Amino acid sequence: MYTQSLSLDQEKQLAVATAEEQAKEAAFEARIEAGDYIEPKDWMPAHYRKTLVRQISQHAHSEIVGMLPEGNWISRAPTLKRKAILLAKVQDEGGHGLYLYAAAETLGTSRDQMLEALHSGKAKYSSIFNYPTLTWADVGVIGWLVDGAAIMNQVPLCRCSYGPYARAMIRVCREESFHQRQGYESLLVMMDKGTEAQKAMVQDAVDRWWWPSIMMFGPPDDASPNSAQSLRWGIKRFTNDELRQKFVDATVDQAKVLGVTLPDPDMKWNEARGHHDFGAIDWDEFWRVVGGDGACNRERLATRVKAWDEGEWVREAALAHAKKNEQQKEAA
Ligand code: FAQ
């Protein structure tokens, strides 16, 4: 009498719905296999959507929080030329955040939801931006190593299976490439023409930023829960360890040209692998920083929340202005 089983009609409906879902999923997988881009109005599995919202919004937050370490040096740049370059670079990072928030919004999330997640500490952003910028050389080293690592990670994202993300990344990568070169060039000047103290300042910055930069690629593959599915769906094109290795290999010669030492006594060319071996990464430090306990996590978040609160009148004014324009249009 109190049976919990489904009626025959309900069972039939469920079977039809499941068959439909399976057909949609199969068609989606076939499109991914064929290398098609998936667009906002196309059907997609819920988990694909969720993964993209997670990655794109965290990426957007990273760009916005990433403005803070270098922004710290805008008022103290050594020359007008360096100040103008740094201003342009930090503005570019703000722009990247905006393209990325817009790309995430096409998946049905709102900017308010994403920002609430950042401001409440729920959403992650890149670990690298929780380290302090102590000297002017840090600005050059961020350009060289942090933007360099960002490009290595982001060029493959230009071929991400989700169209709006892939297209945003094309422009972002062009700008990041300028960022990397301006950083490297400013370090070359310091190393070629600087005093001994300035050269030591560059080496000190490299010593502090090297390990956090190679942590940016994320946990090792055997501790990366999202990689396998993201690779199958063409969101990621390479694993975290593959990209980290490519970055290490590319950076060793750049360090030689610059005349700095990468702070890793175990770094050496491995003929058999055709790659550089490198020392063990301190994954405890990485997870501590990701978990909110790095040198600057609290300060970075507090700065973003303050900027949001203090910008409230600007958002209100923009909305009032838009409403007035709308009313005037209707009245005309
Ligand atoms: N920091 O399973 P996986 C830039 C989290 S932009 C913090 O391997 P996934 C420009 C990860 O979210 C830099 N958390 O994850 C610039 C996941 O947590 P969840 C940002 C990290 O997504 C330059 C958990 O660990 N770039 O620098 C980090 O498959 C200069 C398990 O990890 C992007 O966001 C980390 N480093 O692979 C701006 C690129 N790594 O969400 C200013 C797009 C991992 O499950 C100045 N993102 N986690 O709770 C990606 O390519 C990927 O999301 C990875 C992580 C590779 C970062």
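Starting from 1, each residue takes its place in the sequence as its number. All of these numbers come straight from a predicted model, not from anything done at the bench. Start at 1 and go down the list; that is how both ligands and their atoms are numbered.
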Can I get a per-line list of side-chain donor-acceptor pairs under 3.5 Å for residues 151-176, giving both atom names and the distance, sequence neighbours left out?
{"residue": "Gln154", "atom": "NE2", "partner": "His59", "partner atom": "NE2", "Å": "3.0"}
{"residue": "Ser161", "atom": "OG", "partner": "Tyr48", "partner atom": "OH", "Å": "2.8"}
{"residue": "Ser161", "atom": "OG", "partner": "Trp233", "partner atom": "O", "Å": "2.7"}
{"residue": "Tyr162", "atom": "OH", "partner": "Thr106", "partner atom": "OG1", "Å": "2.7"}
{"residue": "Tyr165", "atom": "OH", "partner": "Gln55", "partner atom": "NE2", "Å": "3.4"}
{"residue": "Tyr165", "atom": "OH", "partner": "His59", "partner atom": "ND1", "Å": "2.9"}
{"residue": "Arg167", "atom": "NH1", "partner": "Glu39", "partner atom": "OE2", "Å": "3.1"}
{"residue": "Arg167", "atom": "NH2", "partner": "Glu39", "partner atom": "OE1", "Å": "2.8"}
{"residue": "Arg171", "atom": "NE", "partner": "Tyr99", "partner atom": "OH", "Å": "2.8"}
{"residue": "Arg171", "atom": "NE", "partner": "Glu175", "partner atom": "OE2", "Å": "3.3"}
{"residue": "Arg171", "atom": "NH2", "partner": "Tyr99", "partner atom": "OH", "Å": "3.3"}
{"residue": "Glu175", "atom": "OE1", "partner": "His96", "partner atom": "NE2", "Å": "2.6"}
{"residue": "Glu176", "atom": "OE1", "partner": "His179", "partner atom": "ND1", "Å": "2.9"}

Next on the checklist: Do Ser224 and Asp221 pair up side chain to side chain, a donor and an acceptor below 3.5 Å, judged on atom types alone?
Outcome noted: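 Short answer, no.
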
Next on the checklist: List the protein residues in contact with ligand 1, where contact means a heavy-atom separation under 4.0 angstrom.
Outcome noted: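 Residues Arg54, Gln55, Gln58, His59, Ser62, Glu63, Gly66, Glu70, Lys89, Glu93, Lys124, Tyr125, Ser126, Ser127, Phe129, Val146, Asp147, Ala150, Asn153, Gln154, Leu157, Tyr165, Glu176, Met215, Met216, Phe217, Gly218, Pro219, Ser224, Pro225, Asn226, Lys236, Asn240, Phe286, Trp287, Val290 each place a heavy atom under 4.0 Å from ligand 1, listed by chain and number.
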
Checklist entry - Any ion pair linking Lys89 and Asp92 (charged N to carboxylate O, less than 4.0 Å)? => result no

Checklist entry - Do side-chain atoms of Arg300 reach the backbone of Asn130 as a donor and acceptor pair under 3.5 angstrom? => result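 No, the answer is negative, given that no donor and acceptor are paired below the 3.5 Å cut-off.
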
Next on the checklist: Does anything in residues 97-116 form a salt bridge (charged side-chain N to carboxylate O under 4.0 Å, His left out)? List the pairs, not counting sequence neighbours.
Outcome noted: Glu105-Arg111, Glu116-Lys122

Using residues 318-332 as the side-chain source, report each donor-acceptor pair under 3.5 Å to any protein atom, sequence neighbours left out, with the distance given to one decimal.
none

